[in-house]
Each structure stands twice: as structure tokens, then as C-alpha cells.
Asks: 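The structure's right below; bear with me while I get my questions together.
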Number of protein chains: 2
Amino acid sequence: MTAQPAPARRITRQREAVRDALAASDEFVSAQSLHQSLRAEGSSVGLATVYRALAALAEDGEADALQSGGEVLYRACTPSHHHHLICRRCGRTVELEAAAVERWAGQVAAEHGFVEPEHVVDIFGLCAECAARR
Amino acid sequence: MTAQPAPARRITRQREAVRDALAASDEFVSAQSLHQSLRAEGSSVGLATVYRALAALAEDGEADALQSGGEVLYRACTPSHHHHLICRRCGRTVELEAAAVERWAGQVAAEHGFVEPEHVVDIFGLCAECAARR
DNA sequence: GCGGAAATTGACAATCGTTCTCATCCGCGC
DNA sequence: GCGCGGATGAGAACGATTGTCAATTTCCGC
């Protein structure tokens with residue numbers, strides 16, 4: 001296998017705190033702001049640790065990550081593959097299933113001789129509320 | 001209108017150099033590497049200027065930008081809306097048309113009450129050559 | 001062809017998100 | 001309870017990008 005030596009992940013107070021904080025928000029948040037939230041509610045967690053915990057969650061498929069405005073945002077997510085519809089104003093996010101898109105991506109990749117296709121599919125827009133508030 | 005005072009874009013040796021250098025490459029490149037290429041071939045262009053030129057090109061729709069590995073990559077592109085199929089190994093890129101995906105994105109956004117939808121759709125994989133070279 | 005207002009440039013400092021270092025701490029299997 | 005190796009945290013280090021500002025260059029009308 002190409003599997004790494006399996007880092008053997010441990011359960012610590014800090015990691016649980018990060019996981020909980022992430023689960024408590026239903027929108028994408030940055031490592032920085034998550035760190036501040038934790039600090040604000042008394043949890044003493046180092047910034048570096050928040051980064052490491054988020055990276056670990058993303059790697060384990062427990063969180064989605066996306067780059068926006070020069071920083072990486074995270075959000076707790078369902079384990080199955082999916083995409084997002086995100087309000088670019090308030091950050092509200094809807095998870096999307098899109099079998100048709102999956103199929104299309106795989107097919108297009110194959111047509112051009114590409115293998116091991118992965119894809120990034122996200123839709124940004126203004127949610128109804130934010131649009132009304134104009 | 002909410003239109004800005006229109007900065008009135010000018011044609012300069014540096015901007016042309018950046019545009020040419022970008023057009024000379026058929027894969028995504030970073031501002032940093034583009035700057036080095038220009039320097040290597042004798043063009044004296046400041047790094048900040050390369051950043052500004054690339055940002056201007058992207059804004060004018062003459063270049064596509066995508067974030068990868070903490071940096072922003074640029075590539076000259078056709079003026080019409082399109083997506084990409086990118087080799088994650090060598091960077092070779094294929095531009096894709098995908099009317100069906102456009103329609104899907106607009107429809108899904110509408111279903112959830114979102115307006116002004118924009119979407120990011122890119123496929124990463126290993127091109128035939130890179131896959132064979134294993 | 002000239003003059004001048006305004007955009008542009010470039011060298012460098014400043015930001016800012018993220019990663020690294022390393023000594024200390026602690027989860028977990030025995 | 002003991003000990004190994006992963007985890008933590010404070011701060012330094014890093015690297016991409018942006019801001020600053022005086023000097024330069026473009027382009028407009030005349």
C-alpha cells in the first residue's frame with residue numbers, strides 16, 4: 001500500500017474543543033476566527049493547535065475546506081461526497097448532491113485521457129435574505 | 001451606477017511583457033515564477049508590478065485565476081466563460097465548455113432562493129503522459 | 001511636437017495567514 | 001503506575017501579497 005505509517009490520532013481536550021466549535025457553526029469559518037471563538041469562551045487552545053486540528057479533521061473527511069480571500073475556511077460536513085451553495089454575504093451554506101455533475105466530471109476527464117479525477121464544484125451567490133436586505 | 005471612476009488603463013512596456021509572458025505559457029503560473037521568468041529573459045519588471053498587471057488581466061477577463069497551494073495561479077484564457085481540466089502533476093490545462101453544468105448551477109441556486117450565482121468548477125487529475133510516467 | 005495631469009512603476013517595508021521549532025505535556029496501551 | 005510517542009503552545013520563521021511614495025512614463029489636447 002501507499003498508506004503512510006498511520007500517525008495514530010489521539011483524542012485530546014483541544015481537538016474535541018475544535019471539533020465542537022466547528023460543529024456549532026453552520027457556515028464556513030477561518031482557523032483564526034475559530035481560535036478567537038474558543039478563546040472567548042474560555043477554552044485555552046493554541047493557534048497552531050487549531051490549525052493542526054482543522055487540518056486533521058479535513059484530512060479525515062470530517063470537515064470541508066475551501067480557500068476564500070487568501071485564507072482557508074472550514075466547515076463540519078457530512079461524510080459523503082458533496083458540493084456547496086454558499087452565500088457570499090452571510091456565509092450560509094447548503095450542501096448539494098449532484099450525481100450528474102460527478103458523472104460529467106469523470107467522463108470529461110476520461111475523454112482527455114486524465115485519470116484519478118477530483119473536482120471542485122462550488123456555487124456562490126446571495127441567499128434570499130441577503131438579497132432582500134438590499 | 002455603482003461604477004467606480006474607471007481608472008483608465010494604460011499600455012506600458014511592463015504590462016505588455018506580463019501579458020506576453022502569460023500567453024507564452026499554456027499552464028497556470030504563479031506571479032512569483034512569472035516575475036522570475038521575466039527577469040531571466042532580461043525584462044526589468046518589479047514584482048509588485050507583475051502582481052498588479054496580473055490582477056488587472058484577471059479583472060479584464062483576459063486571464064483566469066485559481067488558488068492552489070497557498071498561492072494564486074494565472075493563465076491566459078479565452079474571453080468566453082469556461083472551466084478547466086488541470087493535470088495536478090505537470091499543470092497542463094484543457095479549457096472546457098459545459099452548458100449543462102451552467103444550467104445546473106443556475107437552477108440549483110434558484111431552487112434555494114439564491115441570486116447572482118457564480119460558480120467554481122475545476123477538475124484536477126493526472127494527464128495521460130504523467131499517468132504513464134509511473 | 002509639447003506640456004502637463006494622472007496613471008504607473010519599482011524598491012522596500014509592512015501585513016497577514018500559516019507553518020515550523022522545540023521543550024514540555026499527556027493519552028493510552030501494557 | 002510506567003513509558004513511549006504523539007500532541008501542545010509560545011513565539012519565531014516564512015512566504016505570498018499588498019501598501020507606500022517619490023520618480024517616471026503615457027496619452028490627451030493644443
Side-chain angles (χ1 to χ4, degrees), chain A residues 3-22 25 27-60 62-75 91, chain B residues 3-22 25 27-60 62-75 91:
Chain A
Q4 295 91 34
R9 201 140 282 164
R10 288 182 183 173
I11 297 174
T12 64
R13 172 178 63 76
Q14 293 88 336
R15 277 223 231 280
E16 295 295 285
V18 170
R19 189 206 304 276
D20 292 348
L22 195 62
S25 168
E27 49 192 67
F28 280 86
V29 294
S30 66
Q32 304 274 352
S33 65
L34 197 73
H35 176 236
Q36 293 193 315
S37 304
L38 286 169
R39 277 295 171 85
E41 60 184 52
S43 299
S44 158
V45 184
L47 178 58
T49 299
V50 173
Y51 274 101
R52 286 184 287 234
L54 287 174
L57 286 171
E59 195 177 319
D60 294 348
E62 292 191 58
D64 280 322
L66 73 81
Q67 305 199 327
S68 169
E71 61 184 4
V72 180
L73 304 180
Y74 294 90
R75 178 171 182 277
Chain B
Q4 295 92 33
R9 200 140 285 167
R10 288 180 183 175
I11 296 174
T12 65
R13 172 180 64 75
Q14 294 89 335
R15 275 222 234 281
E16 294 295 284
V18 170
R19 191 206 302 279
D20 292 348
L22 195 63
S25 168
E27 49 192 70
F28 280 87
V29 294
S30 67
Q32 303 276 354
S33 66
L34 198 74
H35 176 237
Q36 294 194 315
S37 304
L38 287 169
R39 278 295 170 83
E41 60 183 51
S43 300
S44 158
V45 184
L47 178 57
T49 300
V50 173
Y51 273 101
R52 286 183 287 234
L54 286 174
L57 286 171
E59 194 177 320
D60 294 348
E62 292 191 59
D64 280 321
L66 73 79
Q67 305 199 327
S68 169
E71 61 185 4
V72 180
L73 304 180
Y74 293 90
R75 180 172 182 276

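None of these values were measured; they are calculated from a predicted model. Lettering follows sequence order; numbering is per chain, from 1. The basis for the numbers below is simple: all heavy atoms, side chains too, and nothing from hydrogens, waters or symmetry mates.
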Asks: Please determine if B:Glu16 and B:Arg19 form a salt bridge, counting it only when a charged side-chain N lies under 4.0 Å from a carboxylate O.
Replies: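 Answer for the salt bridge query: yes.
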
Asks: At what distance, to the nearest 0.5 angstrom, does CD of B:Glu62 lie from CG of B:Asp60?
Replies: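 The CD atom of B:Glu62 sits 6.0 Å away from the CG atom of B:Asp60.
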
Asks: Taking only side-chain nitrogens and oxygens of A:Thr12, does any of them come within less than 4.0 Å of OP1 or OP2 of D:dT8?
Replies: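 Checking A:Thr12 against D:dT8: at least one side-chain N or O falls below 4.0 Å of OP1 or OP2.
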
Asks: Nearest whole angstrom, please: distance from the C1' of C:dC26 to the CZ of A:Arg15.
Replies: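 In whole Å, C:dC26 C1' and A:Arg15 CZ are 13 Å from each other.
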
Asks: Tell me which residues in residues 38-53 of chain B put a heavy atom below 4.0 Å from DNA chain C, sorted by number, or none.
Replies: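 Residues of residues 38-53 of chain B under 4.0 Å from DNA chain C: B:Arg39, B:Ser44, B:Val45, B:Gly46, B:Ala48, B:Thr49, B:Arg52.
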
Asks: So, for A:Arg39 and A:Gly46, which heavy atoms are closest and what is the spacing to 0.1 Å?
Replies: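 Looking at all heavy atoms of both residues, the closest pair is NH2-CA, 4.3 Å.
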
Asks: Looking only at side-chain N and O atoms, does B:Arg13 come under 4.0 Å of OP1 or OP2 in C:dG10?
Replies: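 For B:Arg13, the contact criterion (side-chain N or O under 4.0 Å from OP1 or OP2 of C:dG10) is met.
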
Asks: Kindly give the heavy-atom pair with the smallest separation between B:Ala65 and B:Val72, and that separation in Å.
Replies: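 Heavy atoms only, the tightest pair is CB-CG1, 4.1 Å.
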
Asks: Which heavy atom in A:Ser68 sits nearest to a heavy atom in A:Leu73, and how many Å separate them?
Replies: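 Residues A:Ser68 and A:Leu73, closest heavy atoms: CB-CD1, 3.8 Å.
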
Asks: May I have the distance from A:Leu66 (atom CG) to C:dG17 (atom P), rounded to whole angstrom?
Replies: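 In whole Å, C:dG17 P and A:Leu66 CG are 16 Å from each other.
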
Asks: Please report, rounded to the nearest Å, how far the P atom of C:dC28 is from the CD atom of A:Glu16.
Replies: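 Whole-Å distance recorded here is 10 Å.
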
Asks: Between the axis at one end of the helix from C:dG1-D:dC30 to C:dC30-D:dG1 and the axis at the other (five pairs apiece), what's the angle to 10 degrees?
Replies: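 Angle reported: 50°, given to the nearest ten degrees.
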
Asks: Starting from C1' on D:dG5, measure out to CZ on A:Arg9 and report it in whole angstrom.
Replies: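 That distance rounds to 15 Å.
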
Asks: Starting from P on C:dT19, measure out to CD on A:Glu71 and report it in whole angstrom.
Replies: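 So the two atoms are 13 Å apart, to the nearest Å.
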
Asks: Which pair of non-hydrogen atoms, one from B:His35 and one from B:Leu47, has the smallest distance, and what is that distance?
Replies: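 The pair with the smallest heavy-atom distance is NE2-N, 3.5 Å.
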
Asks: Tell me the interatomic distance from A:His35, atom NE2, to D:dG9, atom C1', rounded to whole angstroms.
Replies: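 Atom-to-atom, A:His35 to D:dG9, this comes out as 9 Å.
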
Asks: So does B:Gln14 get a side-chain nitrogen or oxygen closer than 4.0 Å to the phosphate oxygens (OP1/OP2) of C:dG10?
Replies: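 Yes, because at least one side-chain N or O of B:Gln14 sits under 4.0 Å from OP1 or OP2 of C:dG10.
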
Asks: What distance separates B:Leu34 CG from B:Arg75 CZ, expressed to the nearest 0.5 Å?
Replies: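 If we round to the nearest 0.5 Å, B:Leu34:CG and B:Arg75:CZ are 13.5 Å apart.
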
Asks: Which heavy atom of A:Tyr74 sits nearest to which heavy atom of A:Ala58, and what is that distance?
Replies: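 So the minimum-distance heavy-atom pair works out to CE2-CB, 4.0 Å.
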
Asks: Which heavy atom in B:Ala31 sits nearest to a heavy atom in B:Val50, and how many Å separate them?
Replies: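 Closest approach of B:Ala31 to B:Val50: O-CG1, 3.7 Å.
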
Asks: In whole angstroms, how far is the P atom of D:dT24 from the CZ atom of B:Arg10?
Replies: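 So the two atoms are 16 Å apart, to the nearest Å.
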
Asks: Once you round it to whole Å, what is the distance between P of C:dT8 and CG of B:Leu57?
Replies: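 Those two atoms, CG and P, are 12 Å apart.
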
